[in-house]
Structure formats: C-alpha cells, structure tokens
2 protein chains.
Amino acid sequence: MVKKTREESLATRESLLAAALQVFRERGVAHTRLSDVAERAGVTRGAIYWHFKDKAELFQAVCARGTLPVEALLAEASQSAQRDPLATVRQLALMALAQLAQHPDTQAMFDVIFHKCEFTEELAPVVAKNDADRAACLSQVQSLFEQAVACGQLPPTTDTFLATQGMHAYMVGLMHEWVLNPRSYDLAACAEPLLDCYLSGLAIRPPVCRPAAG
Amino acid sequence: MVKKTREESLATRESLLAAALQVFRERGVAHTRLSDVAERAGVTRGAIYWHFKDKAELFQAVCARGTLPVEALLAEASQSAQRDPLATVRQLALMALAQLAQHPDTQAMFDVIFHKCEFTEELAPVVAKNDADRAACLSQVQSLFEQAVACGQLPPTTDTFLATQGMHAYMVGLMHEWVLNPRSYDLAACAEPLLDCYLSGLAIRPPVCRPAAG
DNA sequence: ATAAAAGCATACATGCACGTATGTAAATTT
DNA sequence: AAATTTACATACGTGCATGTATGCTTTTAT
C-alpha cells in the first residue's frame, strides 16, 4: 500500500498544504516540525520530501495557494471599466475584506503571514514575491487615484503616492488586527463604513506631502 | 578578568539587549542562536544565562525596553486636559509616529515585532503584555472619541468602537508597512497629512455599524 | 508482459543549539 | 582579612529536527 495513482498523489499534496497551514498557524512556521505536518496529513516525512524540497518550499506553496484569490481580484479589477476609479478602489478593498471575512483558510493564511512567520533570508523567495505583489498593488491603486484626480473625484492637490500609502496601510492594519480577534467585530458588516470613512477623508482633506527621494 | 562591578554588569546587560535586538532583526527571533547574541555583545553564552533564563525572557526584556517610550506617551496623554479630545488623539498618534521616525532602535523594535517574530505560546508572556497594552490603548482612544462626540467634535451617530478600531488599524498599518521601507517616504514629514486625512473622514462620515456580540 | 518510474515509508547519520554543571577571579560583605 | 557572593567563562552532555539513503509496492509506459 505504498504507491498511489497520480490523482491520489495530488490529493496527498493538497492535504499536506492544508495540514501545513494549520500547523504553521498553531506552532509558527519556524517552530513547525515537518513530522507534525506529516502526522496531521496522515503521512510520513517521506511524503513531504517527495513533494517539496524543504520547509521553505512547502511554505512557499502554501502562500502561493493562499494569495491566489486576492491576485485574481486585482487582475479582474485592472480590466474593469474605469469610469469611476474611486468606486473601483472601494470595490477592490471590499472584496478583499469580504474574502478575509468569509473564508477560514484566508484567515489562517493572514494569521500566519502577519503573526506566525519570520521573514528572514531563508524565506527569500516568499519575501520577494510579497514585495512584488505589494508593489504591483500599490502601483495599481495609485494609478486609480490619479485617474480619480483627473476625473475630479479627488482634489487636484492630492498627493496620490501618499494617498496610496495610507490606503494600503489602512487595509493592512485592518486585516492585521482583525485576524487577531475575528470575533471582536463583524468584519463583513463593518467593512463598508470603515472604508467609506477613510475614502471620505481622502476626498475632503487628502494628504499633500512629498515623498522623499531615495 | 572575570567578575565585573555591579555597574559594569548592568552595562553588560544593556549591551546584551542591544545585541539581541540587532540579531533578532537580522535572523528572526526563532532562528537566532544565543551564541550569536553573545558574540555580538562581546561575551559568551554564560553571560546570557546569568542575566536571563532563556531566549524567551531575553526577548521579553528587549520588548519591555522598546515599548517603554510609547507607554510613557499614553500615560502622559491620559493626564492631559481633555478640552480637545480629538487633538489629544492626534497628538498621541503624531508622537508615536515621530518616535518611530526618529529612533533607529524603535524602528528595529517594530521591525522585529511586525516581521521578524512568531507569536506562539512559547512567547506567551509577551503576547499577553501586547494584548493588554493594545486593550488599554484602544480603551483610552475610544474614551477620547466618546468625549469628542460629547463635545460635538464628532457626529452623534459615530460608532466610537469602530472608529477606534479603524484608527488603531491605520496606525498599525502605517508602522507595519513603513518599517519595511523607511526610505520610501519621509514619515516625520508625512505623518500629519496622513493622520489628518483619516481624522477628517471620521468627522465627515464616521462609521455607524454595530460590533458583534462575543 | 516487462521495464521503468512514481509515490511514498523506513532507517540512518549528522550537526547543532540548548541547558546545565562547573570553574574562577574579582568584588562585595562582615 | 576572611568569607561569601557576584559575574561571568568554559566544558560537557543531550535531544531533536533535519536531510539523505534505501527499500518496497503499485502505476504507468512500451
């Protein structure tokens, strides 16, 4: 009872990813023993070393699967009509928060990313991908803010770079803190008012500073 | 050349804390070897085990020293006159960001806390203190927002709980992201416009949802 | 049907970081 | 001045997670 069919092998891989996400959340990535992951998945360490090179590659695969939905949102939004750029940003943020509020796996994902993981050089590929994703997201949002200024939705004095930094920080902070206490408030219900609060501030009194060179 | 005077001993302890902060930032807390910390401080592991029980206690001491300034700000603000509650919140946030922008040790602290540390059960005391500090901070800010509503600085419909969550998330997000790229923009110069943007939104269109039971 | 390869399980070797035990010299105490 | 404690350095033993090597079936290709 050793060798499985191709289909069963993929199932094993999936259960390994699911088990890894759970154990990472419970023990932290660095403190997780691959034997724990294997046990949780109902296999041995041999299976892990067959599917992945080491823990870093396993973590990378877990992250890749977890960030897929959010990236899909961004890609979808980039193709939508840009008649109302601010609404696009709003929708983007709402979808992201809804995804977090509704899917336990996404919550586990961000819990690990934010609180159960050390971004050191051994996880360099994950860090690089995170940086690239963030840069792409920031760039896309800033572009939308620039269009909003052009449309007259935001004041001409708006520093779109800072506005983007603030928006991104707000989203990161909301997710960072909410996953610590998902029961502290109903994120799905409160996402709209929370977002509209910041976006209203943006329209009324946008940031006007200059980014530093460097 | 072994035994030092009491004064020198305290100096050794300080240099251990400083070295630990550096190494934690470079390698991550979990991956840090106490031998690295000792070497960086110019002593041996024996010195660490004399001053601290283990790595967890060392990390706890590092955190305690690092969060002192921020706690001092909160304590100071709680005693100030409350004629202008919103201005108090604003000042509080500005001081915190200024502290981060100006002090390299504070930047290292938050870099470790946000990106180089796994909050698992082995660091339970630190987690507990973090939770307590956050709860105290949130409670204090919400109280100020409630006073702001009473003063007429914020609309009567304001959900002060959500406003506090949003404010806290904003601050956390700003610090979380800025320490990743301190040179991306001048935090000291941009803190004011960034904060005023959110506070303006709060005054114009405050969140009105209800927190969930639980 | 036979060969090759996939999909793991099992066994083994290795290093490394930890905690402790002990040594030791200077600094206190009395 | 003797005794005691302090503040480390050094040496030692230990476990444990890792990576690899190998074995064993069952698929899949031919």
Side-chain angles (χ1 to χ4, degrees), chain A residues 1-20 22-62 116-118 120-126, chain B residues 1-20 22-24 26-62 116-118 120-125:
Chain A
M1 51 181 178
V2 175
K3 161 98 156 112
K4 311 285 185 61
T5 179
R6 171 74 183 160
E7 183 179 27
E8 290 170 317
S9 173
L10 288 180
T12 300
R13 190 189 137 97
E14 284 303 307
S15 68
L16 278 175
L17 290 176
Q22 302 286 339
V23 181
F24 284 162
R25 191 181 197 181
E26 292 171 15
R27 314 233 195 259
V29 175
H31 294 86
T32 290
R33 303 164 283 203
L34 292 184
S35 57
D36 289 340
V37 175
E39 186 180 9
R40 180 73 59 102
V43 292
T44 69
R45 280 170 51 243
I48 297 183
Y49 281 101
W50 170 255
H51 285 284
F52 310 97
K53 179 190 169 190
D54 54 12
K55 194 203 284 180
E57 200 174 293
L58 172 62
F59 179 66
Q60 197 176 349
V62 170
K116 306 296 171 54
C117 173
E118 302 182 353
T120 73
E121 44 191 272
E122 76 171 343
L123 297 180
V126 178
Chain B
M1 53 185 177
V2 176
K3 162 99 159 113
K4 312 284 185 59
T5 178
R6 173 71 183 160
E7 181 178 28
E8 289 171 317
S9 172
L10 287 180
T12 299
R13 190 189 138 95
E14 284 303 307
S15 68
L16 279 175
L17 291 176
Q22 302 286 339
V23 181
F24 285 162
E26 291 172 14
R27 315 236 196 256
V29 175
H31 294 86
T32 289
R33 305 165 279 204
L34 292 184
S35 57
D36 288 341
V37 175
E39 186 180 8
R40 180 72 59 103
V43 293
T44 70
R45 279 170 53 244
I48 297 183
Y49 282 102
W50 170 255
H51 286 283
F52 310 97
K53 178 191 169 192
D54 53 14
K55 194 203 285 182
E57 200 173 292
L58 172 61
F59 179 66
Q60 196 175 350
V62 171
K116 306 297 171 52
C117 173
E118 301 183 353
T120 75
E121 43 192 89
E122 76 170 344
L123 297 180

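Letters A, B, ... are given to chains in the order of the sequence lines, protein chains preceding strands, and every chain is numbered from 1. When reading the values below, keep in mind they use all heavy atoms of this one structure, side chains included, and skip hydrogens, waters and symmetry mates.
- Nucleotide dC18(C) holds its P atom 15 Å from the CD atom of E57(B), rounded to whole Å.
- For E57(B), the side-chain hydrogen bond (donor to acceptor under 3.5 Å, both in side chains) test picks out no residue, with sequence neighbours left out.
- To the nearest 0.5 angstrom, L17(A) atom CG is 9.5 Å from F24(A) atom CZ.
- Residues T32(B) and F59(B) have side chains not in contact (no heavy-atom distance under 4.5 Å, counting atoms from C-beta outward).
- The distance from atom SG of C117(A) to atom CZ of R25(A), rounded to the nearest 0.5 Å, is 14.0 Å.
- Residues in residues 29-42 of chain B take part in these salt bridge (charged side-chain N to carboxylate O under 4.0 Å, His left out) pairs, two or more places apart or across chains: E26(B)-R40(B), R27(B)-D36(B), R33(B)-D36(B).
- With sequence neighbours left out, Q60(A) forms a side-chain hydrogen bond (donor to acceptor under 3.5 Å, both in side chains) with no residue at all.
- With sequence neighbours left out, H31(B) forms a side-chain hydrogen bond (donor to acceptor under 3.5 Å, both in side chains) with E118(A), E122(A).
- Stem list for DNA chain C (at least 3 consecutive Watson-Crick or G-U pairs, distances under 3.5 Å): C:1-30 with D:1-30.
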Is there any protein nitrogen or oxygen under 3.5 Å from a nitrogen or oxygen in nucleotides 15-18 of chain D, and what are the pairs?
unit_1: dA17(D); atom_1: OP1; unit_2: R33(A); atom_2: NH1; d: 2.9
unit_1: dT18(D); atom_1: OP2; unit_2: L34(A); atom_2: N; d: 3.2

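- Between the side chain of K55(A) and the backbone N or O of A30(A) there is at least one donor-acceptor pair closer than 3.5 Å.
- Contacts classified as side-chain hydrogen bond (donor to acceptor under 3.5 Å, both in side chains) and involving residues 7-19 of chain A (residues at least two apart or in different chains) are given here: E14(A)-R65(A).
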Between the protein and nucleotides 2-8 of chain C, which nitrogen or oxygen pairs are less than 3.5 angstrom apart?
unit_1: dC8(C); atom_1: OP1; unit_2: T12(A); atom_2: OG1; d: 3.2
unit_1: dC8(C); atom_1: OP2; unit_2: S9(A); atom_2: OG; d: 3.1
unit_1: dC8(C); atom_1: OP2; unit_2: H51(A); atom_2: NE2; d: 3.0

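- Sorted by first then second residue, the salt bridge (charged side-chain N to carboxylate O under 4.0 Å, His left out) pairs that include residues 44-54 of chain A, not counting sequence neighbours, number zero.
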